[in-house]
Number of protein chains: 2
Amino acid sequence: MRIESKKVKDIMNNNFSNISMSSRSLHVQVARSIARRILSGDLEQGSIVPNEMTLCEQFGVSRTALREAIKLLTSKGLLTSRPKIGTKVVNRAYWNFLDPQMIEWMDGLSDAKVFCSQFLGLRRAVEPEACALAAIHATAEQRIELSEIFQKMVQITENFDQEAWTEVDLSFHRLIFNSTNNDFYLPFGNILTTMFKTFILHSSMHGAVCLNEHRLIYEAIMAGNSAAAKAASVDHLQSGKHRLPETE
Amino acid sequence: MRIESKKVKDIMNNNFSNISMSSRSLHVQVARSIARRILSGDLEQGSIVPNEMTLCEQFGVSRTALREAIKLLTSKGLLTSRPKIGTKVVNRAYWNFLDPQMIEWMDGLSDAKVFCSQFLGLRRAVEPEACALAAIHATAEQRIELSEIFQKMVQITENFDQEAWTEVDLSFHRLIFNSTNNDFYLPFGNILTTMFKTFILHSSMHGAVCLNEHRLIYEAIMAGNSAAAKAASVDHLQSGKHRLPETE
DNA sequence: TTTGAATAATTGTAATACAAAAAATGGTTT
DNA sequence: AAACCATTTTTTGTATTACAATTATTCAAA
């Protein structure tokens with residue numbers, strides 16, 4: 001019996017497809033296109049974008065599709081509409097940069113290096129505290145899962161495979177955010193994953209060193225030692241050599 | 001000449017109305033209603049919600065409006081749709097709790113006390129680091145604006161007015177997030193504001209003490225002393241007495 | 001100058017029709 | 001019986017048209 005393990009796993013996880021199925025639907029494609037015009041500064045903050053019919057013609061889509069695209073962008077804080085006035089680009093201060101789809105849309109617009117180091121600037125704030133909270137609040141099941149994941153890390157390190165390691169690394173950090181059992185930390189799992197997948201981040205250090213850093217975090221959380229978990233995470237993120245974008 | 005200062009100011013700021021104009025449009029009302037069913041657990045994760053025509057009848061709206069509502073919820077990570085299958089509630093791990101509109105929708109669902117203390121759990125991670133970054137990266141204009149805002153705080157403290165103080169307090173913290181000049185910190189200004197407006201948070205300590213805490217943050221940032229700014233912020237947020245929900 | 005009614009431009013909502021995707025069905029072949 | 005393939009069926013996706021609601025603009029009147 002041949003197995004399509006990925007598909008089966010997706011079904012088990014109640015996911016339709018791994019990620020947000022990229023851009024199958026028309027309105028998402030249109031939204032992405034407009035979003036990038038806004039994010040790049042092509043459409044200026046505070047300016048009124050062309051009216052719906054004009055945009056329909058520009059993109060060659062129906063008003064239905066276009067309006068759904070605009071609703072999507074409104075939801076991200078990029079646009080706001082009113083009858084008779086039109087649809088306006090809102091001030092940058094209201095853009096939801098913490099939305100994974102927004103992050104995908106940034107791909108190739110701003111300097112990836114800058115963008116990633118900015119992200120690291122947030123990660124350094126959030127993740128150590130997440131580790132500290134996880135050490136305290138992780139459930140029994142979550143601790144079991146964490147040890148299973150760390151086991152995998154050890155195995156992969158033995159004969160190193162970049163892709164497999166990225167996968168398990170992400171699931172490691174994602175589980176930590178989940179293990180805070182704090183709703184406000186949950187989204188960072190997706191944000192981190194999206195950052196990795198769109199700006200292909202490689203940890204320049206393979207194997208031993210990196211595994212050791214993870215081991216320190218892992219053991220501190222398992223021991224319920226929040227201070228140690230936090231310190232280990234700070235150390236992990238401060239060794240500023242790694243996690244630079246692959247390009248250039 | 002009579003002045004409608006608020007409206008004039010809104011026009012100056014390029015805002016259509018102060019906040020996201022709540023629920024003027026039909027599709028937002030529908031979205032809110034469905035969102036609350038999901039957030040409350042009434043609609044279970046992984047389950048398929050009724051098909052579009054059924055929902056149209058339930059809400060008494062057209063398919064156009066209903067679909068725009070669903071697109072909004074999809075954008076927040078709550079739903080995902082596919083032809084022939086239907087629209088499914090996605091796993092909680094993918095919900096964007098860092099979206100201001102999502103936070104509004106939580107009002108009255110979960111225990112406000114728990115929710116607010118969870119938020120404080122994130123704030124304690126993010127805000128001290130934001131202060132540290134602001135101390136380093138704030139522009140000249142931002143430093144000027146910060147001192148103006150602090151001036152206002154002093155004035156308001158002299159004859160205390162709760163509402164006015166909340167207003168200026170929020171603008172103080174918002175400006176700090178902006179002054180990091182880091183895209184990923186920007187959204188926290190809106191998140192903080194939304195948390196305050198929907199879960200009416202009162203700082204139990206008025207006047208002098210609180211002003212002093214802000215002064216320490218303010219002076220450290222102005223001096224460019226990131227370590228001191230961070231420490232002052234930690235202190236400000238650790239005095240765990242304040243910022244509890246008003247209800248009960 | 002101010003007021004107020006008419007106008008016009010744009011988004012908001014509705015209704016209908018058809019296209020596309022994909023599971024489910026059932027019959028055919030191996 | 002098992003595998004395969006075309007057919008059917010269900011649901012969302014897109015297009016089109018029409019009309020309602022909102023509100024800036026215009027222009028006339030007081």
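Numbers restart at 1 for each chain; the letters A, B, ... are given by sequence-line order, proteins then strands. All heavy atoms count here, side chains included; hydrogens, waters and symmetry mates do not.
Residues passing the ring-ring contact (aromatic ring centres under 6.0 Å, His included) test with Y185(B): none are found, sequence neighbours excluded. Listed by chain and number, the residues in a side chain to side chain donor-acceptor pair (under 3.5 Å) with E52(A) are R63(A), R67(A) (sequence neighbours excluded). The ring-ring contact (aromatic ring centres under 6.0 Å, His included) check on F59(A) picks up nothing, with sequence neighbours excluded. N51(B) is linked by a side chain to side chain donor-acceptor pair (under 3.5 Å) to T54(B), counting only residues two or more places apart in sequence or in another chain. Partners of N190(A) according to the side chain to side chain donor-acceptor pair (under 3.5 Å) rule, which considers only residues two or more places apart in sequence or in another chain, are R174(A).
A straight line from NZ of K88(A) to P of dA24(D) spans 10 Å, rounded to a whole angstrom. A straight line from CD1 of I48(A) to P of dA9(C) spans 16 Å, rounded to a whole angstrom.
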Expected string for nucleotides 6-16 of chain D under the B/S/- scheme (protein heavy atoms, under 4.0 Å, primed atoms plus P, OP1, OP2 as sugar-phosphate) is ---BBBBBBBB
